There are 2 protein chains.
Amino acid sequence: METAARPLTRIQQEKREIILEAALDVFSANGFRGSTIDQVADAAGMSKPNLLYYFRSKEEIHATLMERLLHTWLAPLHEFDDGDDPITEIRGYIRRKLEMARDFPRESRLFANEILQGAPRIMSLLEGELKQLVDKKARIIRKWMRAGKIARTDPYHLIFAIWATTQHYADFDVQVRAVLGPDRDGEGRFEDAARFLEQLFIGSLRV
Amino acid sequence: METAARPLTRIQQEKREIILEAALDVFSANGFRGSTIDQVADAAGMSKPNLLYYFRSKEEIHATLMERLLHTWLAPLHEFDDGDDPITEIRGYIRRKLEMARDFPRESRLFANEILQGAPRIMSLLEGELKQLVDKKARIIRKWMRAGKIARTDPYHLIFAIWATTQHYADFDVQVRAVLGPDRDGEGRFEDAARFLEQLFIGSLRV
DNA sequence: GCAATTTTTGACCGGTTGGACAAAGGTTAG
DNA sequence: CTAACCTTTGTCCAACCGGTCAAAAATTGC
């Protein structure tokens, strides 16, 4: 009584979830080409052929992972919206992005890996959905500037700078830790970063 | 009549140079594990066994490349020095780092790749040479702050932010281009970035 | 021109990897 | 119990990849 287009059973959904979780671990640590199906299968607690029963290929795992990741990834920018107080809005965006770097470093690294390789699989999304979203937010920022609520500057590069500085704490984590040294290790660095970034961005935007 | 430790012939030096140049191209585009010796040999215009006559292994090519890269990479930070005018000094550092992102994007990406993978091969350098260098520069910055020449903030996170924002234009180049769109493409984006970053950092540091 | 040395190459090898497949094991509905 | 279906696994394969090796080709020193 099922439809011709196979609906996923609950077991299938659960196993696919486990595999994606394992793949996120492995891919983000070793890169796509540096990872093997066996490693993912191992991390997922199943055999390679079993894994390939749920995903037809290594590529398909990666593609599925990327698709989900991008939704999560763009969420903070979607939330960024026209509000009474631009400073509050921007501060909130920075805070959310920094929290994502802290709570989802694997996702950040996987994304960074993809972009570094030239983003072959998500180029169309970057040029389409992402560009339009950024265009929209840039218009909001420009409006604030015209209204004299924040200092005039390039909204695109402002957004790039927020991305770069926040994601740095996920993507370059080992370097940050190495430079800060063992004494300044621990999650305290994220609070220091939050204070610093707020001062950096808000300080330069205040009129 | 040569000494026991074989001195490199001119041909050997030239060929090694050609190989390293080709390897930088290939490794920075595909990552170390995503690249094959054949690809490098191809790009260098020679056969694989011939390439392996000049470098004993793929690892050795990568290690040699990394070593050279790191010297170039830390040069701007070495130049950053105690001066009369902190603003000029910081502005100059930002400009030099941004120029490196523009002129040596492959080096930047290779470095980013290494850090992303956990920096297994250069960890000791990060914890040693790099940390000490940053510590030294952080002390200079703190001195400026105590003298009331720039606003008080965390010098380490300031340096991280400069790294992140400037390298972003090399490492995330495809994303930057995609978001700016075809009309804002071209090298003009680096000048826009320079103006923006100056305003961002100098604006927030001014007392 | 000839011998020693350096450079280049074709052929090959062992290990790894992505993926196929058929058969076995398990589950569910009647 | 049994037939149909879903899940799991052992085995296998072809392609790829890093690296070796011996022999050919080119270069160099005399």
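Proteins come first, then strands; the chains are lettered A, B, ... in the order of their sequence lines, and each starts at number 1. Remember, predicted model here, so these are calculated numbers, not experimental data.
Comparing D/dG19, C/dT6, D/dC6 by their closest approach to the side chain of B/Y53 singles out C/dT6.
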Check residues 36-49 of chain B and write down every donor-acceptor pair under 3.5 Å in which the side-chain atom is one partner and the other belongs to a residue at least two apart or another chain.
| unit_1 | atom_1 | unit_2 | atom_2 | d |
| --- | --- | --- | --- | --- |
| B/T36 | OG1 | B/Q39 | N | 3.1 |
| B/Q39 | OE1 | B/T36 | N | 2.9 |
| B/S47 | OG | B/N50 | N | 3.4 |

Tell me which donor-acceptor pairs under 3.5 Å the side chains of residues 64-73 of chain B have, and how far apart each pair is, sequence neighbours excluded?
| unit_1 | atom_1 | unit_2 | atom_2 | d |
| --- | --- | --- | --- | --- |
| B/T64 | OG1 | B/E60 | O | 2.7 |
| B/R68 | NH1 | B/E17 | OE2 | 2.5 |
| B/T72 | OG1 | B/R68 | O | 3.2 |

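B/Y169 and A/F160 have perpendicular rings, their planes meeting at more than 60° on a 0 to 90° scale where under 30° would count as parallel.
B/F55 comes within 4.0 angstrom of nothing in the nucleic acid, heavy atoms only.
Rounding to whole angstrom units, OH of residue B/Y54 and C1' of C/dT9 are separated by 12 Å. As rounded to whole Å, 18 Å separates atom P of C/dC21 from atom CG of A/L51. Between the CD atom of A/E14 and the C1' atom of C/dT27 there is a distance of 15 Å, given to the nearest Å. Here the C1' atom of nucleotide D/dC17 and the CG atom of B/L52 are 11 Å apart, to the nearest Å. When rounded to the nearest whole Å, the span between CZ of A/R56 and P of C/dG18 equals 18 Å.
Within residues 27-50 of chain B, the residues that have a heavy atom under 4.0 Å from DNA chain C are, in order of number, B/S47, B/P49, B/N50.
OP1 or OP2 of C/dT7 lies within a sub-4.0 Å distance of a side-chain N or O belonging to B/Q12.
Taking the charged nitrogens against the carboxylate oxygens, A/D103 and A/R96 have no contact shorter than 4.0 Å, which rules out a salt bridge. Of the charged side-chain nitrogens involved, at least one lies within less than 4.0 Å of a carboxylate oxygen, so that B/E21 and B/R106 count as a salt-bridged pair. Between B/R195 and B/D192 a salt bridge is recorded (basic side-chain N to carboxylate O distance below 4.0 Å).
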